[in-house]
Each structure stands twice: as structure tokens, then as C-alpha cells.
*Asks:* 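A single structure is presented below for examination.
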Amino acid sequence: QVQLVESGGGLVQPGGSLRLSCAASGFTFSNYAMGWFRQAPGKEREFVAAISRTGLTIYYADSVKGRFTISRDNAKNTVYLQMRSLKPEDTAVYYCAADNSGRDYRKVGGYNNWGQGTQVTVSS
């Protein structure tokens, strides 16, 4: 079955960096678009970044554009989210998602496979 396991979260000071990883198994990774979403306490899950199967098409939320970079390694079945210049408002649980249905990959509804999430806390 599809399994997505996020790692790399933690506590970081404002202005710092983190790199999240999502290891995928149970499906043909290169056939799936991948996305990162986040959910802060009391808020809805929101789009962060998405990358197409080949990596040629990438989307970012305006709030992270220029600070976050999504990438994928199809040989390692892993998608990454490099986060720089982190702000307190980036604090959230970050989720990895996968889908191959061709829906809108900037929306929560565009995915039917989700990881369990990794906590990112940006605080001094």
C-alpha cells in the first residue's frame, strides 16, 4: 500500500533553515505528482508546494515563494522541501502528499495519499 513518511522537522530559530524529506513506498513514485502542505493549530490545511512527476513543473504558495524549494529524487523515491528564512508563521505540521489522478495539485482535494506529518516550530 502507499506509504509516505516525513522527516526532518524540528525547532528552529527565525531566519533558520530546515530540510524536510518524504520517503515513499508501495507505489511507482515516478508516476505520481507530489505535494507539501501544512496545518497550523486551529487552521485549515494549506498548500505549500507541489512538483510534477518529472520535476519540470513546480508550484509554490505565495507565502513561501523565494524561501522554500521543492525537489524530488525519483531514484530514491523521495521528495524534499528545503526551507530557508523561516518565520514564526511557518510553524505547523507539514504533510507530504502523492497523487496520480491529474487533479489540481495545489489543493488538498488533489491528493488521496497522505503522510502522518512532521512538526516544524519556528521560535526564538
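The analysis underlying the following values was restricted to heavy atoms, covering all of them including side chains, and did not include hydrogens, waters or symmetry mates. Everything numeric here is computed off the predicted structure, so don't read it as measured data. Numbers here are sequence positions counted from 1.
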*Asks:* Not counting sequence neighbours, which residues clear salt bridge (charged side-chain N to carboxylate O under 4.0 Å, His left out) with Arg103? List them please.
*Replies:*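 Testing Arg103 for salt bridge (charged side-chain N to carboxylate O under 4.0 Å, His left out), a comparison that skips the adjacent residues, returns Asp99.
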*Asks:* The criterion is side-chain hydrogen bond (donor to acceptor under 3.5 Å, both in side chains); which residues satisfy it with Arg45, sequence neighbours excluded?
*Replies:*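 Listed in chain order: Gln39.
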*Asks:* List for me each residue that meets ring-ring contact (aromatic ring centres under 6.0 Å, His included) alongside Tyr32, sequence neighbours excluded, and say none if there are none.
*Replies:*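 In terms of ring-ring contact (aromatic ring centres under 6.0 Å, His included), with neighbours along the sequence ignored, Tyr32 is linked to Phe27.
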*Asks:* Side chain to side chain donor-acceptor pair (under 3.5 Å): which pairs involve residues 113-124, sequence neighbours left out?
*Replies:*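 Listed once each, the pairs are Gln119-Thr121.
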*Asks:* In the structure I gave you, are the side-chain heavy atoms of Tyr80 and Asp73 within less than 4.5 Å of one another anywhere?
*Replies:*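 Tyr80 reaches Asp73 side chain to side chain.
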*Asks:* Test of understanding: with side chain to side chain contact (heavy atoms under 4.5 Å, CB included), list the residues that count as partners of Val122, not counting sequence neighbours.
*Replies:*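 For Val122 the side chain to side chain contact (heavy atoms under 4.5 Å, CB included) partners, ignoring immediate neighbours, are Val12, Pro14, Leu86, Pro88, Asp90, Thr91, Val120.
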*Asks:* Under a single-linkage definition using a 4.5 Å side-chain heavy-atom cutoff for Ile, Leu, Val, Met, Phe, Trp and Tyr, are Tyr111 and Tyr94 assigned to the same hydrophobic cluster?
*Replies:*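 Shared cluster, no.
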*Asks:* Check side-chain hydrogen bond (donor to acceptor under 3.5 Å, both in side chains) between Asp62 and all other residues, then give those that pass, not counting sequence neighbours.
*Replies:*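 Result, side-chain hydrogen bond (donor to acceptor under 3.5 Å, both in side chains) vs Asp62: Lys65.
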*Asks:* Taking the side chain as everything from C-beta on, heavy atoms only, tell me whether Met83 gets closer than 4.5 Å to Leu20.
*Replies:*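 Answer yes - side chains close enough.
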*Asks:* Over 60° means perpendicular and under 30° means parallel, so classify the ring planes of Phe47 and Phe37, tilted if in between.
*Replies:*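 Phe37 vs Phe47 ring planes: perpendicular.
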*Asks:* Taking the side chain from Tyr95 and the backbone from Glu6, do they hold a donor-acceptor pair closer than 3.5 Å?
*Replies:*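 Looks like no, no N/O pair under 3.5 Å.
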*Asks:* List the residues meeting side chain to side chain contact (heavy atoms under 4.5 Å, CB included) with Ala33, not counting sequence neighbours, and say none if there are none.
*Replies:*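 Partners of Ala33 under the side chain to side chain contact (heavy atoms under 4.5 Å, CB included) test: Tyr105.
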*Asks:* Got a sec, which residues hit side chain to side chain contact (heavy atoms under 4.5 Å, CB included) with Ser30, two or more places apart in sequence or on another chain?
*Replies:*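 Applying side chain to side chain contact (heavy atoms under 4.5 Å, CB included) to Ser30 gives Thr28, Asn74.
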*Asks:* Sorted by first residue and then second, give each disulfide bond (SG atoms under 2.5 Å apart) pair with at least one member in residues 19-91; sequence neighbours left out.
*Replies:*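 Qualifying pairs, neighbours excluded: Cys22-Cys96.
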*Asks:* Report yes if some heavy atom in the side chain of Glu46 is under 4.5 Å from a heavy atom in the side chain of Arg38; otherwise report no.
*Replies:*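 A side-chain contact exists here, since the closest heavy-atom pair is under 4.5 Å.
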*Asks:* State which residues pass salt bridge (charged side-chain N to carboxylate O under 4.0 Å, His left out) with Arg106; sequence neighbours excluded, sorted by chain then number.
*Replies:*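 Salt bridge (charged side-chain N to carboxylate O under 4.0 Å, His left out) check on Arg106 returns Asp104.
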*Asks:* Report the residues that fulfil side chain to side chain contact (heavy atoms under 4.5 Å, CB included) with Gln82, sequence neighbours left out, ordered by chain and then residue number.
*Replies:*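 If we apply the side chain to side chain contact (heavy atoms under 4.5 Å, CB included) test to Gln82, skipping adjacent residues, the hits are Ser17, Arg19, Thr69, Arg84.
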*Asks:* Quick one: ring-ring contact (aromatic ring centres under 6.0 Å, His included) partners of Phe29, sequence neighbours excluded?
*Replies:*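 Not a single residue meets the ring-ring contact (aromatic ring centres under 6.0 Å, His included) criterion with Phe29.
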*Asks:* Sub-3.5 Å donor-acceptor pair from the side chain of Arg67 to the main-chain atoms of Ser85, do we have one?
*Replies:*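 Present.
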